[in-house]
Asks: 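For reference, the structure I am asking about is given below.
Each chain gets a letter, A, B and so on, in the order the sequences are listed, and its residues count up from 1. Reckoned from all heavy atoms, side chains included, excluding hydrogens, waters and symmetry mates.
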Protein chains: 2
Amino acid sequence: MLVTNIIGMVTAKSRATRQRLVESALALFEAHGYSATTVDDIAAQAGVSAMTYFRYFPTKEAVVLEDHFDPIIAESVANQPATLPPLARVARGLREALMHLEESDDSEVRRRIAIAASEPALRSGMHQNTRETEDAIVAALTRHGTPEFTARIAAAACLGAITASLLTWASSTAAQSLRDAVIAALDIVTAAESSAPGSEPAATTGGMQ
Amino acid sequence: MLVTNIIGMVTAKSRATRQRLVESALALFEAHGYSATTVDDIAAQAGVSAMTYFRYFPTKEAVVLEDHFDPIIAESVANQPATLPPLARVARGLREALMHLEESDDSEVRRRIAIAASEPALRSGMHQNTRETEDAIVAALTRHGTPEFTARIAAAACLGAITASLLTWASSTAAQSLRDAVIAALDIVTAAESSAPGSEPAATTGGMQ
DNA sequence: GCCAATAATGTTAGTGACTAACATTCCACG
DNA sequence: CGTGGAATGTTAGTCACTAACATTATTGGC
């Protein structure tokens, strides 16, 4: 949820402008590369001034890095049995949250992440985006007695794994779904726990091993 | 190893200039905040022009984010027994690499990371820095038969945990050592494996739980 | 001690991301 | 139709960063 949503900017016209900006940006980034594309280019392509671009997106990065990926995670994590080790709770919570995600928009997400993977600055921007999610997970865990440091490390480990997984997934040609890529990553993080009580390994994922 | 070390820049004078730039930057960042400090300010404080600053550091971030922290890690990881699950091998390799680190310069590192923690842009810059280390670990693991995806996820998970740990450590007032903070983080990531064969939990760390 | 060669620094001029202040156009609703 | 607020534009500026070229220190050989 990087982006404004400030009061105003909600009319049909504004939604259309925003959409044009996103599409122009992705197309130009794919065609000429991220750094070779200026904000002016994007704005011009969308039929709008650069100033208007910045009214919709706070930075050049933001138009790529908006994540539709910050959802009910905390809720899911909080619902895991407190008897599991923190890392397992986070991983299982993330897996469950994923199940409540429409499979549909994989393709645009893949475009975005593929662009992000191509530019170091954007790659690290992805990590920045997970900060909110990390905080939400930490809050969920500490509410049930996990010490803050432990909670944060467990969250950071899982999110680091997921981010790496997404970057690999988006750059790969395999017809794997985003969901399977993330699940595969979480399986690796919790591999040693697959024999622990109450934890069944998720469905195997084919290609990405 | 963010920074130049290009041919030249190795004389006594250049080392002195570099040192002055680092000290000026840290002091100004601590005094007025990262974003309120301009590169011109830093250069002026060091008695040098802005252009000279950029001859030593490629970006404003770099003067903070140089890591003395990218060392023999791959070597250590490669030396772990291949019978362990990948995550455990990475964690144990990192722990061992840490042991070969002088404890001495904790204080400056702490200053740097504390500054990094205060600015989102710098925080994500830290992640960017770990990319080289991640690649080195992946290379070490795949050389011994671990699939690339698995290797990368394990590396990313551990490095994510370590980074989070460092950010917490640097902002805390506890007199803990950097080494103990990192070990504590790795213990959390591999908690479920502490009963696995050949893996003894590292020394407990007091404060940071 | 003087004279190259080379390292270190400076100057100028530019690009591009981003901000602030203010002016303008568009559009819905009375 | 006309008015108020939303959407957009203009201008002018700051700051990170780059390139090309000019200048000053430093150092090693004589």
Asks: Charged N to carboxylate O below 4.0 Å: is that the case for A:Glu66 and A:Arg18?
Replies: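 So A:Glu66 pairs with A:Arg18 through a salt bridge.
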Asks: Just to be sure I understand the geometry, which residues of residues 38-47 of chain B put a non-hydrogen atom under 4.0 Å away from DNA chain C?
Replies: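 The stretch gives none, as no residue of it lies under 4.0 Å from the strand.
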Asks: Whole angstrom is fine here: how far is it from CZ in B:Arg20 over to P in C:dT9?
Replies: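 Atom CZ in B:Arg20 sits about 7 Å away from atom P in C:dT9.
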Asks: Will you find, in the side chains of B:Arg123 and B:Ser118, an N or O donor that is under 3.5 Å from an N or O acceptor?
Replies: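 No, no side-chain donor-acceptor pair sits under 3.5 Å.
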Asks: Just the rounded figure in Å: distance from P of D:dG9 to OH of A:Tyr53.
Replies: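 Roughly 15 Å, once rounded to whole Å.
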Asks: Tell me the interatomic distance from B:Lys60, atom NZ, to D:dC15, atom P, rounded to whole angstroms.
Replies: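 So the NZ-P distance, B:Lys60 to D:dC15, works out to 9 Å.
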Asks: Measure from CZ on B:Phe57 to P on D:dT18 and round the result to the nearest Å.
Replies: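 Checked: the CZ to P distance equals 14 Å.
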Asks: To the nearest Å, give me how far apart OH (A:Tyr56) and P (D:dA6) are.
Replies: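 Spelled out: OH on A:Tyr56 to P on D:dA6 is 12 Å.
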Asks: Got a salt bridge between A:Glu108 and A:Arg112, using NZ or NE/NH1/NH2 to carboxylate O under 4.0 Å?
Replies: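 A:Arg112 and A:Glu108: salt-bridged.
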Asks: Can you measure A:Glu119 atom CD to C:dA17 atom C1' for me and round it to whole angstrom units?
Replies: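 The answer, rounded to whole Å, is 14 Å.
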Asks: Looking at D:dT27, I'd like to know if its phosphate oxygens (OP1 or OP2) sit under 4.0 Å from a side-chain N or O belonging to B:Thr11.
Replies: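 Result: no.
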Asks: Can you find a side chain N or O atom of B:Ser14 that sits less than 4.0 Å from OP1 or OP2 on C:dA8?
Replies: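 So the side-chain polar atoms of B:Ser14 do come within 4.0 Å of the phosphate oxygens OP1 or OP2 of C:dA8, strictly under.
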Asks: I want to check something: taking the side chain as every heavy atom from C-beta on, are A:Val39 and A:Phe57 in contact at a cut-off of under 4.5 Å?
Replies: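 Not touching, per the 4.5 Å side-chain cut-off.
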Asks: Determine the contact category for B:Thr37: base if any of its heavy atoms lies under 4.0 Å from a base atom, sugar-phosphate if only primed atoms, P, OP1 or OP2 are that close, otherwise nothing.
Replies: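 It contacts sugar-phosphate atoms only.
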Asks: In the 5'-to-3' direction, what one-character label does each nucleotide of nucleotides 21-30 of chain C receive under the scheme B = base within less than 4.0 Å of a protein heavy atom, S = sugar-phosphate only, - = no such atom?
Replies: -----S----
Asks: Under a plain distance cut-off of 3.5 Å, with no hydrogens placed, do B:Ser124 and A:Gln128 share a side-chain donor-acceptor pair?
Replies: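 There is such a pair (donor and acceptor under 3.5 Å, judged by atom type) between the side chains of A:Gln128 and B:Ser124.
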Asks: Report yes or no: is the cationic atom of B:Lys60 (NZ for Lys, CZ for Arg) under 6.0 Å from the centre of the six-membered ring of B:Phe54, at an angle within 45° of the ring normal?
Replies: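 Output no; distance or angle outside limits.
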Asks: Under 4.0 Å from OP1 or OP2 of D:dT8: is there any side-chain N or O of A:Thr52 that close?
Replies: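 Looking at the OP1 and OP2 atoms of D:dT8, neither is under 4.0 Å from any side-chain N or O of A:Thr52.
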Asks: Consider only side-chain N and O atoms of A:Ser76 and A:Asn79, and report whether a donor and an acceptor are under 3.5 Å apart.
Replies: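 No pair is found: no donor N or O on one side chain lies under 3.5 Å from an acceptor on the other.
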Asks: Quick one, B:Tyr34 and B:Glu61 - any side-chain contact, counting heavy atoms below 4.5 Å?
Replies: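 Touching, per the 4.5 Å side-chain cut-off.
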Asks: Nearest whole Å is fine: how far is C:dG10 P from B:Phe54 CZ?
Replies: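 So the CZ-P distance, B:Phe54 to C:dG10, works out to 14 Å.
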Asks: Does B:Thr17 make a side-chain N or O approach to OP1 or OP2 of C:dT9 shorter than 4.0 Å?
Replies: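 Result: yes.
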Asks: Judged by modelled atom types alone, do B:Ser107 and B:Arg110 share a side-chain donor-acceptor pair under 3.5 Å?
Replies: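 No.
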